[in-house]
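As structure tokens, the structure follows; a few thoughts come after it.
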Amino acid sequence: MAIERTLSIIKPDAIAKNVVGDIIRRFEENGLSVVATRRIHLTAEQAGRFYAVHKDRPFFGPLCAFMSSGPILAMVLEGKNAVRLNRQLMGATNPKEADAGTIRADHAESIDANAVHGSDSLENAATEISFFFADIDIYSS
Ligand code: IDP
Ligand code: MG
């Protein structure tokens, strides 16, 4: 299994619920290390650039409004199979469909406000990490 890096974002709803520690605990207990962090309040324009892949979807406007509604915590997670493992820990996009014990099952209210973002492939992880972090900001354990 390869050591990978992936981008995780704790979204505004989970920041407002003050569950940052619980979410990071799940990553660490499952073998992922937080190797970079950045707390930032995106503008709607910046959120739109991050989610440009979804620009033609009907939920794009509300998604950008939500992601710029409050601060987020962007993180780089590192570990074996980090991309897939993070997606497993997150659970399905719609929390109603998320497996019990996943972050979204436990902390998300709706498909819009679903607590966390995670890169969906190694290629997208590299692009998304570089959106928030320079190489010099990331320190492996
Ligand atoms: P993901 O976050 O599980 O990777 P994506 O399909 O990449 O899901 O969608 C990005 C984000 O857009 C989701 O996390 C969610 O916040 C929002 N989203 C996706 N599909 C819908 C929808 O059908 N209605 C409203 N929001 C959606
Ligand atoms: Mg996605």
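Values below: every heavy atom of this structure, side chains too, minus hydrogens, waters and symmetry copies. Everything numeric in this text was worked out from a predicted model, so none of it was measured. Order of appearance sets the numbers: ligands from 1, and atoms from 1 within every ligand.
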Notebook entry, point to check: In terms of hydrophobic clustering (I, L, V, M, F, W, Y; side-chain heavy atoms under 4.5 Å; direct or indirect links), are Ile111 and Ile9 co-clustered?
Noted result: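 Different clusters: Ile111 never reaches Ile9 through Ile, Leu, Val, Met, Phe, Trp or Tyr contacts under 4.5 Å.
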Would you mind listing each N/O atom of ligand 1 next to any protein N/O under 3.5 Å, plus the distance?
| from | atom 1 | to | atom 2 | distance (Å) |
| --- | --- | --- | --- | --- |
| ligand 1 | 2 (O) | Arg104 | NH2 | 3.0 |
| ligand 1 | 3 (O) | Arg87 | NH2 | 3.1 |
| ligand 1 | 3 (O) | Thr93 | OG1 | 2.5 |
| ligand 1 | 3 (O) | Arg104 | NH1 | 3.0 |
| ligand 1 | 4 (O) | Arg87 | NH1 | 2.8 |
| ligand 1 | 4 (O) | Arg87 | NH2 | 3.3 |
| ligand 1 | 7 (O) | His54 | NE2 | 3.0 |
| ligand 1 | 8 (O) | Thr93 | OG1 | 3.3 |
| ligand 1 | 9 (O) | His54 | NE2 | 3.4 |
| ligand 1 | 14 (O) | Lys11 | NZ | 3.0 |
| ligand 1 | 14 (O) | Asn114 | ND2 | 2.9 |
| ligand 1 | 16 (O) | Lys11 | NZ | 3.2 |
| ligand 1 | 16 (O) | Ile111 | O | 3.2 |
| ligand 1 | 16 (O) | Asp112 | O | 3.4 |

Margin query: Test of understanding: with side-chain hydrogen bond (donor to acceptor under 3.5 Å, both in side chains), list the residues that count as partners of Arg49, not counting sequence neighbours.
Written below: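 side-chain hydrogen bond (donor to acceptor under 3.5 Å, both in side chains) list for Arg49, sorted by chain: Glu45.
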Notebook entry, point to check: Partners of His117 by side-chain hydrogen bond (donor to acceptor under 3.5 Å, both in side chains), sequence neighbours excluded?
Noted result: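 By the side-chain hydrogen bond (donor to acceptor under 3.5 Å, both in side chains) rule, His117 matches Tyr51, Glu128.
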Identify all side-chain donor-acceptor contacts of residues 83-98 below 3.5 Å with residues at least two apart in sequence or on another chain.
| from | atom 1 | to | atom 2 | distance (Å) |
| --- | --- | --- | --- | --- |
| Arg87 | NH1 | Gly118 | O | 2.9 |
| Asn94 | OD1 | Lys96 | N | 3.0 |

Note to self: For Phe50 and Phe132, take the angle between the two ring planes, folded into 0 to 90°, and tell me which bin it lands in: parallel under 30, tilted 30 to 60, perpendicular over 60.
What the structure shows: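 Ring orientation of Phe50 relative to Phe132: tilted.
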Notebook entry, point to check: Is Lys17 salt-bridged to Asp13, going by a charged N under 4.0 Å from an acidic O?
Noted result: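 So Lys17 does not pair with Asp13 through a salt bridge.
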